Amino acid sequence: MKSYVIGLDYGSDSVRAVLIDAENGNEIASEVQWYSRWKKGAYCNASINQFRQHPLDHIEGLETTIKSIVLKSKVDAESIKAICIDTTGSSPVPVTEDGTPLALVKGFEENPNAMMVLWKDHTAIGEANEINNLAANWGGEDFTKYEGGIYSSEWFWAKILHVIREDEAVKNAAFTWMEHCDLMTYLLIDNKDLKSFKRSRCAAGHKAMWHESWGGLPDDAFLNQLDPYLSKLKRNLYTNTYTSDEVAGNLSQEWADKLGLSTNTVVAVGTFDAHSGAVGAKIDENTLVRVMGTSTCDIMVSPKETIGTKTVPGICGQVDGSVIPGLIGLEAGQSAFGDVLAWFKDVLYWPVDYLVLSSNILSPVQKEDLKEEIDANFIKKLSEQAAAIPLSESIPTALDWINGRRTPDANQELKAAMSNLSLGTRAPHMFKALINAICFGSKKIVDRFEEEGVRIDTVIGIGGVARKSPFIMQTLANVLNKPIKVAESDQAPALGAAIYAAVAAGIYPNVIEASKHMGSDFEAEYLPENDKIEDYKLLMDSYSELSAFIESVN
């Protein structure tokens, strides 16, 4: 009997499930579902950087997508050996003592503070600053040192601290908090004991200041100085953590019936999307995998003997086993990548929405056809015209901090900016400046790794931006002055999750071996254009100057 595994990938806007042939990594079936409540903007307030998601979006998406791929594939339920879930993060969720998401409890159904706090939510900037000040000055262990030395408002403790200070009802009703990847894994399995449930090493190490050297989570004395609630909460969290090649439990009878699967199907420990994406792209030593979507995550692995006790400042952490068990996983990234371009599109779209599509001259059918045509060509046309602008022409300088800066050196209070505008500046010039900005932000990350002795020989791009925008990828190759391969798989994180599932099911002995058989091939490679490298270095200097100025006045 052939063996199959399922990778379930939760992105910012949708969830996608893939059924993978464990022998060769071939995709047998896939399904995507968009979050209906999120799509309507429910529980969000962009003006204060509040981004929350209702757990029902994720639970409904899980059931719909997995049922669909099982039905479409027509494979026998007993041949589907394992499931692994990856999610965005840090995206903590308050839960009751039996693990029920608080938003499913009466009285909290519409409370944004009872929802999942999405990775891009920056309402906890003040709390992150408190954590950083305390870590630097309290006189004890610096619990941020394995997370780049700067704790971010995007991460676990800061978000929880913000919510419980803002909402006494949520504070009192939440027995504990779970990362999104842990929650979805817990909901599927038969073991409903929160105390023994296997929490994700990836989530804990990169976002919750967990490290073996100090026995797990931060010391009670440290947490008490932030808020006594946190040390109390710690007792309902975890001490040990687990890598995603391990089994969290078997599929429960309830979910086996819902999904058309068997209780013999095992569920692996959960993980984050960027880390599973790197596995899906066959990450290796000295390789930087860039997961490029709304934001970016930059993932590397290093042998313990190579990195030793050295810590890389300003990144999102270094954690033993977070990507490949036995190797140190290193994470960095940008708070906005595709989101920078989506913001610009929204700005330019204003006259379309409020003048063209509200016109009485056009019929409803004409309006819909026109909207579809504009959507299909908007970024394409901008890219074509921007690419045609010579680098010798006056191009604005832009910063990519439209959603703050993740790395190097997290600072979510920073704002984007643009300089060198003139009457000759047109939309394609500004678009080119924004493309440059997201690539220059990427270069800062590469520079930080290399300055700290982390060698980068190969760059791999995965995700929608990598596959759909040759203009961005060529610009990135020129800015980094490195060749960039693009992974063929459109679902690299889901594929990586399936690889973890195959190891958890015992089909392969380890993640590296499974990745060799199941990982994605490459569909394209972008080489630096030698005649443009020096021009980009000058533009990079302008980016650095503007960065320094904006940071000094922020």
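All values reported here derive from a predicted model rather than from experimental measurement.
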Any donor-acceptor pair under 3.5 Å linking the side chain of Trp38 with the backbone of His54?
no
Does the pair Lys159/Asp121 count as a salt bridge with the N-to-O cut at 4.0 Å?
no
Identify each donor-acceptor pair in which a side-chain atom of residues 265-272 lies under 3.5 Å from a protein atom, sequence neighbours left out, and give them as a table.
from, atom 1, to, atom 2, distance (Å)
Thr265, OG1, Ile80, O, 2.8
Thr265, OG1, Ser262, O, 3.2

Which class fits the ring pair Tyr10 and His58: parallel under 30°, tilted 30 to 60°, perpendicular over 60°?
perpendicular
Is any side-chain heavy atom of Val32 less than 4.5 Å from a side-chain heavy atom of Thr65?
no
Rounded at 0.5 Å granularity, tell me how far NZ in Lys485 sits from OG1 in Thr287.
8.0 Å
Has the side chain of Arg199 got a donor or acceptor atom that lies under 3.5 Å from a matching backbone atom of Ala204?
no
Salt-bridge test for Lys345 and Asp375: reply yes if a basic N is under 4.0 Å from a carboxylate O, no otherwise.
yes
Identify whether the distance between the nearest side-chain nitrogen and carboxylate oxygen of Lys198 and Asp182 falls below 4.0 Å.
no
Assess the side chains of Ser442 and Arg290: does a donor N or O sit below 3.5 Å from an acceptor N or O?
yes
Ion pair present between Asp400 and Arg405, side-chain N to carboxylate O less than 4.0 angstrom?
no
Before accepting this row, confirm whether a basic side-chain N of the pair Arg37/Glu60 lies closer than 4.0 Å to the acidic partner's carboxylate O.
yes
For the rings on Tyr238 and Phe197, is their centre-to-centre separation under 6.0 Å?
no
My understanding is that only one of Arg406, Gln318, Lys207 makes a side chain to side chain donor-acceptor pair (under 3.5 Å) with Glu331; could you say which?
Lys207
Going by side chain to side chain contact (heavy atoms under 4.5 Å, CB included), Ser335 matches just one of Thr407, Ile402, Asn403, Thr294. Which one?
Asn403
When you measure from the side chain of Ser79 to the backbone N and O of Tyr4, does any donor-acceptor pair fall under 3.5 Å?
no
Below 4.0 angstrom, N of the basic side chain to O of the carboxylate: do Lys72 and Glu31 qualify?
yes
Would you confirm whether Arg52, through its side chain, and Pro112, through its main-chain N or O, come within 3.5 Å as a donor-acceptor pair?
yes
Do the charged groups of Asp21 and Lys2 touch, with an N to O distance under 4.0 Å?
yes
Excluding sequence neighbours, so at least two apart, what forms side-chain contact (heavy atoms from CB on, under 4.5 Å) with Glu384?
Lys380, Lys381
